[in-house]
Structures are given as structure tokens and as C-alpha cells.
**Q** 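Shown below is the structure under consideration.
Any value given below was found using the heavy atoms of this structure, including those in side chains, with hydrogens, waters and symmetry copies removed. One-based numbering along the sequence shown. Here the structure is a predicted model, which means the values were calculated and not measured.
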Amino acid sequence: MYENEFTVPKEWKGEEIRINFGAVDYRCCVYINNQCVGTHVGGQTPFSFQITRYLNWNRETIRVEVEDPLTDETIPRGKQFWEDTSKFIWYTPSTGIWQSVWLEPLSETHFEWIYFTPDIDEGTVKIEYKLSEMSKLPCRVHVKISLEQNEVFHGNMLCDERQNSLTVNVFQNKALNGAFHFVGKYWSPENPILYDVVMKADDGDTGNAADKVASYFGMRKIHIENGKIYLNNQPYYQKLLLDQGYWKESLITAPTDEDYKNDIQKAKAMGFNGCRKHEKVEDPRFLYWADKLGFLVWEAMASFWVYTPQAAETFMKEWMEVINRDYNHPSIIVWGMLNESWGTPQIYDNSQQQDFSKSLYYMVKSIDSTRLVISNDGWEMTVGDICAIHSYKHGEKEDKRQHEVFAQSLKSLKTLANIVDKNLFAKGNEYKNQPVVLTECGGISLKEKAADSQEEQNWGYTTIKKEEFIEEYDRLTAAIFDSEILSGFCYTQFTDVEQETNGLLTDTHEYKFKPEEIKRINDQKK
């Protein structure tokens, strides 16, 4: 239970006062001045309540009561362990408020949501929005788009309905803005160009400004063609890090906003162009920095562990909320849902669990046609835009035979089965020329000396001495880069987390190795 006091600025009187929560894990009830203003279920997504009628405009009290049933394996929990002590690949669970909480005043006429959908081939962006139910219509909506403080578009439209859209030609039919000799004002990790947008809604009665939203979008396209992943119509090799999003002192909450920025900068300094978020819907502040700094994100949902129809419904509902929250981020290029059949353990030959996996894929494609979708990452795949496989069978340093098996198995889809723990596809499903990405590999832990001088092995998929790591990383990636069927890889993992000490960074997010040495190796593949 969380309790506090707060005051609302007197100048906000006459407005709708709303309290917003970034995320609370898992079920919660919010009380203002001892009155329940609303409840929410789901630990990954935002929610808000209108609290105006509960205020006394003096000293206000807030109480948030949270229930997080740690032993319930049917709710989405990801890497948060359900037993008393963390072990293997599961970590200490988090409970309660773990993202920002803020108040805001809103006029009766205000935006409920705004979506930006870029089309680099046409040079346009489609802007869709919805006004609140209490909006006074007709009213005017104003749109201003600028790039590096240069105005690109400025216009307004009369709105007779709450929901409307506008398509703007942002490239303005100029060759150098588009794909002329592969230049252009595109968003990419190498050149994260963002267009700034200010949208205003007028009050329908007075014509005065009622609401103002400042945002941005990136002109970015992701698609697949001939078994490859294309970014902005050019083949783009994925060099990703598996990112758990944990911190030693604060678990799934970053200590500061700067920590998100620093993580991305460190990943890029090592020559990685993105991350596969693992079993966690990350704080929007991370996505903001990914957009600003240029960092690809494969967004993920936290898994549940025991399949029931009710668990499937809960998962899908929360995942749809995730997509609605994060639709506008150009850094997100992949939606990933299930991981290694977690929550769907019989998916190989169970039609109900297969149908759930397929329904996730088609549901996402029906509401977002601009991104790639993976319904089950690792093995036992059903439908999906990427053939995503996991393998840690690269062998210990001395195991030359396994080195050769790993390298040769990466050369064709048929031989990949030699180094994957389960069948690549669920029964009745097959490969359909999707790009192949090794979405988990590596996991190399360092052999350390304990205080009593007895050798202690921290947990990892393989282990090696620190002074030998760069050579071993080079050997692993050389086998990956030599494969003509792979469109990328994801190294496990970004940081150490508790007992899982196979990160390139420590559990305090500091470098273990010189970043330029990792970058030199990663840069061998373009």
C-alpha cells in the first residue's frame, strides 16, 4: 500500500483533473480522500482516472492498494520469479508502482489519442486523432510540423466528428528528401531524424485554445523481401542485445531517466544497432531515448506460464494496450509476443495453443500493418514475419568439434535443427521464406575467483576467463557472420542480472570490456 498527500494548483479549478499511472504491478485500487476512484488490472500498461469530483481543493490524500499474486502462474510476469529465491534465469519480482505518476488538467475538449503513420514511399504521414466525448463540436484542430526548427507544414481543419485524420506530404516532392541515391530524411540508427509536431484543439464555443500536444514522428519503413529484413527499403542486418531491463538497486525501474540514455549509448558504443527487450514492456522513457538516439527495439510482452483460456484473454488484452501506447515510436520495428512457448507448453501439437499464437499474430497485423510480428520466438513457431531461433550450442572454448557443428549448422535452415532445443516449427506449420534471425545466442559468463581463492563459476550458458572473452566473442560472431541465411543476431545479454552473469555489462551497468573491442568485431558485418 502506498499513501501520500498532495495539492492541486488552484488555477486548475474549472478543468478536468486527471491522475495518470505509467504502470502498477499487478492489480490496484486508487483512493482519493478515502474514496475509490478506480481500479486497474495489468502490470505493464498505463491507466488514468478522472478525480475532479473527489477533490476538496486543499490538502488531498492518495492511497494505492496493490495486489500482486506472486504464485499465480497464469498472469503475465515475465522474468519475475514466483518462488522465494531467484535462480537460473528468473529474478526477484517487483510489486506496486514502478513507473511515473502525474496529475494534469484537461479542458472538456481535448485529444484522447493521436497516431502517426509514416509512408516513406509516398513521402507522407497520416495523422489520426480522437477527441474526448465532452468535446464541443464543431471545433478546429491545428497541426504544425517542423524539422530542425524549419516549418514543414502548418494548417488546420474543421472537425464535425470526434475522430478524424489528415495526410501531410512531408517530403514535399523533393528528391533529396526521399530515396534519391539512398539519401533522405529517414529515421535510422545511423541518422535518427525526427519531425516535431504540435497539435492544438480549439474550444468549439469560444474558439480559444483548449488542448495542446507536442510530439514527434520518424519517417521510417520496415518490411521483409526475399528472405531479408529491410529498413527504409535497404537490407539491414540486425545486431541486437537481449535486454532484460533490470537494475541492481531498483529491479525493473531505472534509477533515473539518464540511465535509459546511458544504456543505449553504451550499446551503440559496442557496435549494436538495437535490442530485443526480453519479457518486459519497457518504460516509455526508454523508447523516447531509443527514438532520439537511434536504436532499434524489438518490443516484447511479459509471458504467463500456465495456459488457460482466461490467461490467454488477459495476455491479449494487455498486449493490445501495449500496442496502443507505443504505436508512434519509430524505434520499434518488431512486436514479439510469446517466447520459447512459455505459457503455451503444448503448442507443438495442441491446436488450441497454436490458435492462440496465430490469433496474436493476426490481431497485431490487423491494427498495425507497419511492423514485423513474431508470435513465438525461439522455436515451435506457427505464423510470423521472422523465423526467430535460439541456440546456445556454440560450445565451450576447448570444444573444437562443437564449434564446427555450430558454424556449419548456421548455414542452412535444414541444419539449424541440429543446434536448437526443440522443433523449429509447431506441427502443421512450416518455413515460408521469412528472414532468419538468431534471436538468442552467446550467454557467455566469466570465470571468477572468490574471496577464499576457490574458483567460482557464475551462471551462464558457457564460461570463460575474462582475458579470453574477446577472442571467444570474435569466434562466435565469425560463425554467425559467415552464415548467408541469417539476417541478424541477438547476443545474450546486455547486463548481468542477479545470478545470471552473462552480460557485456555488470549488474551496475558498467563495461566489463573495452567497448571499442566489441565494436571492432561487430563492425565486421555491415
**Q** As an exercise, state the distance from CD of Glu282 to CD of Gln99, rounded to the nearest 0.5 Å.
**A**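 If I round to the nearest 0.5 Å, the distance is 7.5 Å.
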**Q** Mind telling me whether Tyr129 and Phe111 have parallel, tilted or perpendicular rings, with 30° and 60° as the class edges?
**A**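 Phe111 and Tyr129: perpendicular rings.
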**Q** With a sphere of 6.0 Å drawn around CE of Met316, does it hold more than 12 non-hydrogen atoms of other residues, nucleotides or ligands?
**A**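 Enclosed: over 12 neighbouring heavy atoms sit under 6.0 Å from CE of Met316.
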**Q** Would you mind checking if Asp257 and Arg285 are paired as a salt bridge, meaning a charged N to carboxylate O distance below 4.0 Å?
**A**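 Yes, this pair counts.
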**Q** Are Trp247 and Tyr260, when compared by the centres of their aromatic rings, separated by less than 6.0 Å?
**A**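 Close enough - the centres of the two rings lie under 6.0 Å apart.
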**Q** Report, as yes or no, whether the 6.0 Å neighbourhood of atom CD on Glu148 holds more than 12 heavy atoms from other residues, nucleotides or ligands.
**A**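 No.
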**Q** Roughly how far apart are Tyr361 OH and Ile374 CD1, rounded to 0.5 Å?
**A**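 That separation rounds to 10.5 Å.
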**Q** Any chance you could lay out the salt bridge (Lys or Arg N to Asp or Glu O under 4.0 Å) test for Arg520 and Glu516, step after step, and finish with the verdict?
**A** CA-CA 6 Å; Arg520 172 184 58 80; Glu516 60 269 21; over 6 Å; no
**Q** Is the NZ or CZ atom of Lys277 both under 6.0 Å from the centre of the six-membered ring of Phe286 and within 45° of that ring's axis?
**A**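 Verdict for Phe286: a cation-pi partner in Lys277.
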**Q** Counting only heavy atoms from other residues, nucleotides and ligands, does the tally under 6.0 Å from NZ of Lys525 exceed 12?
**A**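 Counting neighbours around NZ of Lys525, more than 12 heavy atoms of other residues, nucleotides or ligands fall under 6.0 Å, so yes.
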**Q** Does Asn226 use its side chain to pair, donor to acceptor, with the backbone of Lys228 at less than 3.5 Å?
**A**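 A pair under 3.5 Å: no.
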**Q** For Glu484, does the CD atom sit with more than 12 other heavy atoms under 6.0 Å from it, leaving out its own atoms?
**A**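 Counting neighbours around CD of Glu484, 12 or fewer heavy atoms of other residues, nucleotides or ligands fall under 6.0 Å, so no.
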**Q** Tyr195 versus Lys185: any side-chain heavy-atom pair under 4.5 Å?
**A**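 Tyr195 reaches Lys185 side chain to side chain.
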**Q** So which of Asp243, Thr492, Asn339 actually passes side chain to side chain donor-acceptor pair (under 3.5 Å) with Arg276?
**A**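 The single option meeting the side chain to side chain donor-acceptor pair (under 3.5 Å) with Arg276 is Asn339.
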**Q** List the atom of Asp211, the atom of Thr109, and the distance in Å for their closest heavy-atom pair.
**A**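 Taking Asp211 first and Thr109 second, the nearest heavy atoms are CB-O, 3.7 Å.
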**Q** Using a strict threshold of under 4.0 Å (side-chain N to carboxylate O), is an ion pair present between Lys317 and Glu321?
**A**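 Between Lys317 and Glu321 there is a salt bridge, with a charged N closer than 4.0 Å to a carboxylate O.
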**Q** Might you confirm whether atom CD of Glu161 has over 12 heavy atoms from other residues, nucleotides or ligands at distances under 6.0 Å?
**A**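 No, not enclosed.
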**Q** Compute both the distance and the angle, then confirm whether Lys266 meets the cation-pi test with Tyr511: under 6.0 Å from the six-membered ring centre, within 45 degrees of the axis.
**A**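 Yes - Lys266 lies over the ring of Tyr511, closer than 6.0 Å to its centre and within 45° of its axis.
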**Q** Under the 3.5 angstrom rule, does the side chain of Gln493 hit a backbone N or O of Thr495 as a donor-acceptor pair?
**A**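 Flag set: sc Gln493 to bb Thr495 pair under 3.5 Å.
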**Q** Mark yes when over 12 heavy atoms from residues, nucleotides or ligands other than Met134 sit less than 6.0 Å from its CE; otherwise mark no.
**A**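 Open.
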**Q** When rounded to the nearest 0.5 angstrom, what distance separates NZ in Lys358 from OG1 in Thr382?
**A**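 Spacing of NZ (Lys358) from OG1 (Thr382) equals 6.5 Å.
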**Q** Count the heavy atoms of every other residue, nucleotide or ligand shown that sit under 6.0 Å from CD of Glu133, and state whether that count exceeds 12.
**A**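 Counting neighbours around CD of Glu133, 12 or fewer heavy atoms of other residues, nucleotides or ligands fall under 6.0 Å, so no.
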**Q** Please determine if Glu299 and Arg371 form a salt bridge, counting it only when a charged side-chain N lies under 4.0 Å from a carboxylate O.
**A**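 No salt bridge links Glu299 with Arg371.
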**Q** Determine whether Ser375 and Tyr362 make a side-chain contact, defined as any pair of heavy atoms from C-beta on separated by less than 4.5 Å.
**A**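 Not in contact.
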**Q** For the aromatic rings, using the six-membered ring if either is Trp, is the centroid distance between Tyr246 and Tyr91 under 6.0 Å?
**A**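 They qualify: ring centres under 6.0 Å apart.
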**Q** Do we get Arg77 above Tyr26's six-membered ring, with its NZ or CZ under 6.0 Å from the centre and within 45° of the axis?
**A**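 Judged by the rule, Arg77 and Tyr26 form no cation-pi pair.
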**Q** With a cut-off of 6.0 Å (strictly less than), are more than 12 heavy atoms of other residues, nucleotides or ligands near CD of Glu313?
**A**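 For Glu313, atom CD is not crowded (no more than 12 foreign heavy atoms under 6.0 Å).
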**Q** Between Ile193 and Tyr186, is any pair of side-chain heavy atoms under 4.5 Å apart?
**A**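 A side-chain contact is absent here, since even the closest heavy-atom pair is not under 4.5 Å.
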**Q** Find the distance between CD1 (Ile323) and CE (Met363) and round it off to the nearest 0.5 Å.
**A**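 Interatomic distance, Ile323 CD1 to Met363 CE, rounded to 0.5 Å: 5.0 Å.
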**Q** Mind listing the closest non-hydrogen atom pair of Val141 and Cys159 along with its distance?
**A**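 What the structure gives for the nearest pair is CG2-SG, 3.6 Å.
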**Q** Quick check on the 6.0 Å ring-centre criterion: do Phe272 and Tyr491 meet it?
**A**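 Ring centroids of Phe272 and Tyr491 are no less than 6.0 Å from each other.
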**Q** So do the side chains of Val152 and Lys144 get within less than 4.5 Å of each other, counting heavy atoms only?
**A**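 Contact flag for Val152/Lys144 side chains = no.
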**Q** Is there a side-chain contact between Trp342 and Glu279 (heavy atoms, below 4.5 Å)?
**A**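 Answer yes - side chains close enough.
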**Q** Using modelled atom types only, decide if a donor and an acceptor are shared between the side chain of Asn328 and the backbone of Phe116 within a distance under 3.5 Å.
**A**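 Yes.
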**Q** Any ion pair linking Arg18 and Glu16 (charged N to carboxylate O, less than 4.0 Å)?
**A**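 Looking at Glu16 and Arg18, the cut-off is met.
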**Q** Could you tell me if the ring centre of Trp335 sits under 6.0 Å from that of Trp298?
**A**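 Not close enough - the centres of the two rings lie 6.0 Å or further apart.
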**Q** Any heavy-atom pair between the side chains of Thr117 and Thr370 that's under 4.5 Å?
**A**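 SC-SC contact between Thr370 and Thr117 confirmed.
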**Q** So how far is it from Arg220 CZ to Asp291 CG, rounded to the nearest 0.5 Å?
**A**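 Between Arg220 CZ and Asp291 CG, I get 9.0 Å after rounding to 0.5 Å.
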**Q** Inspect the contact between Asp496 and Lys512 and indicate whether a charged nitrogen and a carboxylate oxygen are less than 4.0 angstrom apart.
**A**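 Judged by the 4.0 Å cut-off on N to carboxylate O distance, Lys512 and Asp496 do form a salt bridge.
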**Q** Could you check whether the rings of Trp113 and Tyr115 sit parallel, tilted or perpendicular, using 30° and 60° as the cut-offs?
**A**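 Trp113 and Tyr115: parallel rings.
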**Q** Just how far is it from atom NE2 of His223 to atom CD1 of Ile333, taken to the nearest 0.5 Å?
**A**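 Reported to 0.5 Å precision, the distance equals 12.5 Å.
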**Q** Compare all side-chain heavy atoms of Leu486 with those of Leu410 and state whether any distance is below 4.5 angstrom.
**A**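 Yes; the side chains approach each other to less than 4.5 Å.
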